[in-house]
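Below: the structure, in structure tokens.
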Number of protein chains: 2
Amino acid sequence: MFSLVLVADQRNVVASITAAQTVDVRFPTSQQLDGSDAMNPDPDYSAAYLSLVTDAEDGHLGAGFVFTTGRGNNIAAEAIQTIADDLVGESVEDLLADMGATYRRFVYDSHLRWLGPEKGVVHMAIGAVVNALWDLKAKRAGRPLWQLVSSMSPEELVGLVDFRYLTDALTPDEALEILEKAAPGRAERTDQLVARGYPAYTTTPGWLGYSDEKMVRLAHEAVADGFTQIKLKVGGSVDDDVRRLSLARAAVGPEVKIAIDANQHWDVDQAIDWVGRLQQFDLAWIEEPTSPDDLVGHATIRRAIAPTPVATGEHTANRVMFKQLLQLEAIDVMQIDAARVAGVNENLANLLLAAKFGVRVCPHAGGVGLCEAVQHLSMIDFVAISGTTDDRYIEYVDHLHEHFVNPVRIVDGHYVAPLAPGAGTEMLAASLAAYRHHTAHDRS
Amino acid sequence: MFSLVLVADQRNVVASITAAQTVDVRFPTSQQLDGSDAMNPDPDYSAAYLSLVTDAEDGHLGAGFVFTTGRGNNIAAEAIQTIADDLVGESVEDLLADMGATYRRFVYDSHLRWLGPEKGVVHMAIGAVVNALWDLKAKRAGRPLWQLVSSMSPEELVGLVDFRYLTDALTPDEALEILEKAAPGRAERTDQLVARGYPAYTTTPGWLGYSDEKMVRLAHEAVADGFTQIKLKVGGSVDDDVRRLSLARAAVGPEVKIAIDANQHWDVDQAIDWVGRLQQFDLAWIEEPTSPDDLVGHATIRRAIAPTPVATGEHTANRVMFKQLLQLEAIDVMQIDAARVAGVNENLANLLLAAKFGVRVCPHAGGVGLCEAVQHLSMIDFVAISGTTDDRYIEYVDHLHEHFVNPVRIVDGHYVAPLAPGAGTEMLAASLAAYRHHTAHDRS
């Protein structure tokens, strides 16, 4: 009798991962030219989406995803499935107890590492798996991810970060110092977040495929909705950019900030010339002026177009690249992305690097689910790392939120702090079923 | 009657791609610790291998591959299949007539680009497809790839390169100038290659998992075989490295060069300290001292350990990263890899960048098929670009050559110039069948 009770208890407490299910989900966004820019004329916002299922009685799923723009979503799904298959049968408690070790286990798989290292499809897929585990951990704790992480001790947070290749710019001791300095104000800032939310800016008016009329109408609406910054895509034609910026500046007035985004369209010299023609419109920043890999190029551009701020990061492959953007004084704004690097852990490294170098963080979002996921990271940054929201905004685009169990809420130009347990990454089962994509080929 | 003849002629001349077949091939090399180093303790050398089949009567296949170290080879295969599926039904002549346009078509697929851009699994898969098309083109021309490419005009070669993101370091006009300067000596250097081959160095003695006795025996054999440079893996323990280098130096004598390779094991400061302890052994170069992404780190290390040369490149994701390694004066030796970047075209950009900056190129090889593929690139460099083999070597490792239709031949420490038509990338059908791997998971 006693042993039966013990078995029943173990089943409750010691749960296992029973399934790792990856779905290729694609939304036909290209039909409206939503998301169109100088390098992405017709994206179909898509997610290679992972559900980790356990045998715990709580019924919680861990959800994570790679965001893509359509073709190739199956490649990301194959990568996620390959990594997550390994977890089936493992103890949930062991995996979640030391998320630093769990993250490093994936990144240091020497075979998978060959396919990066720490970049591209495999790295993004590791991010989806890591984020799914964080979602599960937060749900089991009954807390939103931002509160779970920002209530961990400075020492615990340092343990989540991989400092390999960072120590010439940021040591564990320096990270600890940053976190300890922010610790006393955590409770007050948590209250502030719950009361007022986190500032947002909107890219909704600015897609390159929109007519002038639609852009101006949406810019007016953005201001009416309480946004204090908007963003316009540029880089198609400089004359078009001058005309659109002129119309946008007239629409929003002198007080609202306007950022521009070239989506990697230019070479270095071309970026300098082109931005030179647009600086008259008082730019909040120029985003992705050239290849995201061109760290030296960003530094050259920044020096040439000062004081216009330079922003990049949504395609920055990993913390080593961010480290160098900071060492080279190449950026004013770090734009982390929730689904590009190896998940929450690596983004903590990125946030700590930004804090060390005194650079502000304004995350990339939009796509599908990126707003839901990245808001937690900015809120962790405010509560536990940088301690400030000054001149910081999370990008907002109002696409596809309806497919999430806990969609973001924007009130008066601010992200409302999410209070539902989890990382915000769980999609509705009905959406997964309705937009599931099957790739036709069979590999021999 | 006339129309029937015309149809028959068209079938001969206007061929189509009729199939793109990807196979996941894995060799159990980890059983012998072949290929073991500080970051790769147990690689299973593998290839995600593509055959492009046509309906031409010549029966030629186009073969290309991504090299991997085992797990994840299925992900590369999925990527290759996704890209190559698009080609089925297309005209072979159209695809091969302008290989510059064909290469750009893959790299600028905006959806696939999101998964890089130009890095990781998708970029490597594009390389496999591009290389398979080059293999087909060379076979149809009845020439080895190195002769086919190095007989193209300087203007044609410039047309193969994508100068986007390069123009602050290398313009098309500068590339043309380099190629035109090399043009007069092409015939003479082709004869030299055919007569004497291209210098090689060997990594066969140096794997970290080998005993001292095995390493010393293989070092003696290397010298006896005519090699004038060997390479040792380092980075496990500095005391072990001192002992092994001491034994190796005694084995090969003072004249034979010894390079060392840390396979990304160190942080920047650690690399400087560790190499400082090993410089007494007169090092030909230190390879991959830290993260391949840490361009600034390589520059810092190079300044600190001068005059020991710094080498890297086998994990350098693309031409934009190589550009910066050169701009930052971070390397003395550029180690291109045949299966890391987007194929022959992007490696022509890398070779031209090296020529512009006066840096020598010593390609990475080994693995499976990398020797067969990369020899063509060094030979193109000698005949048509740099015009020199001074202090240049192609890496050689004697693994797995028996699986290729035209395996490399080494005579007296030199790669014998291949004369068989093609790019060297075709594997034996029997090997593909014998080592085919099936990944167990089914994505839902």
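Order of the sequence lines sets the chain letters (A, B, ...), proteins ahead of strands, with each chain counted from 1.
- For the atom pair E287(B) CD and Q335(B) CD, the distance stands at 3.5 Å (nearest 0.5 Å).
- For V268(A), the part lying near chain B is the side chain, with the backbone staying farther off; criterion is any non-hydrogen pair under 4.5 Å.
- When each of M321(A), K119(A), K323(A), R164(A) is scored by its heavy-atom pairs under 4.5 Å with chain B, the top score falls to R164(A).
- With chain A as the partner, the residue from Y165(B), F163(B), W266(B) showing the most heavy-atom pairs under 4.5 Å is Y165(B).
- Taking both residues in full, the closest heavy atoms of V88(B) and T18(B) are given as CG1-O, 3.7 Å, listed atom of the first, atom of the second, then distance.
- Of the listed residues (H123(B), E118(B), Q264(B), R113(B)), the greatest number of heavy-atom pairs within a distance under 4.5 Å of chain A belongs to Q264(B).
- Applying the side-chain contact (heavy atoms from CB on, under 4.5 Å) rule to R104(B) yields the partners Y108(B), D162(B); only residues at least two apart in sequence or on another chain are considered.
- Note: V296(A) leads L112(A), D168(A), V296(A) in heavy-atom pairs under 4.5 Å with chain B.
- Contact count against chain B (heavy-atom pairs under 4.5 Å) is highest for D294(A) among V122(A), D294(A), L166(A), T167(A).
- The CG atom of L87(A) lies 6.0 Å from the CD1 atom of I17(A); values are rounded to the nearest 0.5 Å.
- Side-chain atoms of H111(A) come within 3.5 Å of backbone N or O of D42(B) as a donor-acceptor pair.
- Of the possible donor and acceptor atoms, one in the side chain of D37(B) sits under 3.5 Å from a partner among the backbone N and O of N40(B).
- No side-chain donor-acceptor contact under 3.5 Å links T316(A) to the backbone of N318(A).
- For A20(B), no part lies near chain A; criterion is any non-hydrogen pair under 4.5 Å.
- How far CG of L328(A) is from CG of L295(B): 8.5 Å, rounded to the nearest 0.5 Å.
- Ring planes of F27(B) and Y435(B): tilted class, angle from 30 to 60°.
- Of the two parts of P117(A), the backbone and the side chain both hold a non-hydrogen atom closer than 4.5 Å to a non-hydrogen atom of chain B.
- If you tally non-hydrogen atom pairs under 4.5 Å between each of A76(A), A317(A), S291(A) and chain B, the highest count goes to S291(A).
- Both the backbone and the side chain of F67(B) come within contact range of chain A, with heavy atoms under 4.5 Å apart.
- Options V121(B), T68(B), I83(B), L115(B) differ in how many heavy-atom pairs under 4.5 Å they form with chain A, and the most are formed by L115(B).
- Heavy-atom neighbours of chain B within the stretch residues 43-50 of chain A, taken at a separation under 4.5 angstrom, comprise P43(A), D44(A).
- Between W274(B) and H265(B), the two ring planes are perpendicular [angle over 60°; tilted spans 30° to 60°].
- Distance CZ/R319(A) to CG/L326(A): 14.0 Å, rounded to 0.5 Å.
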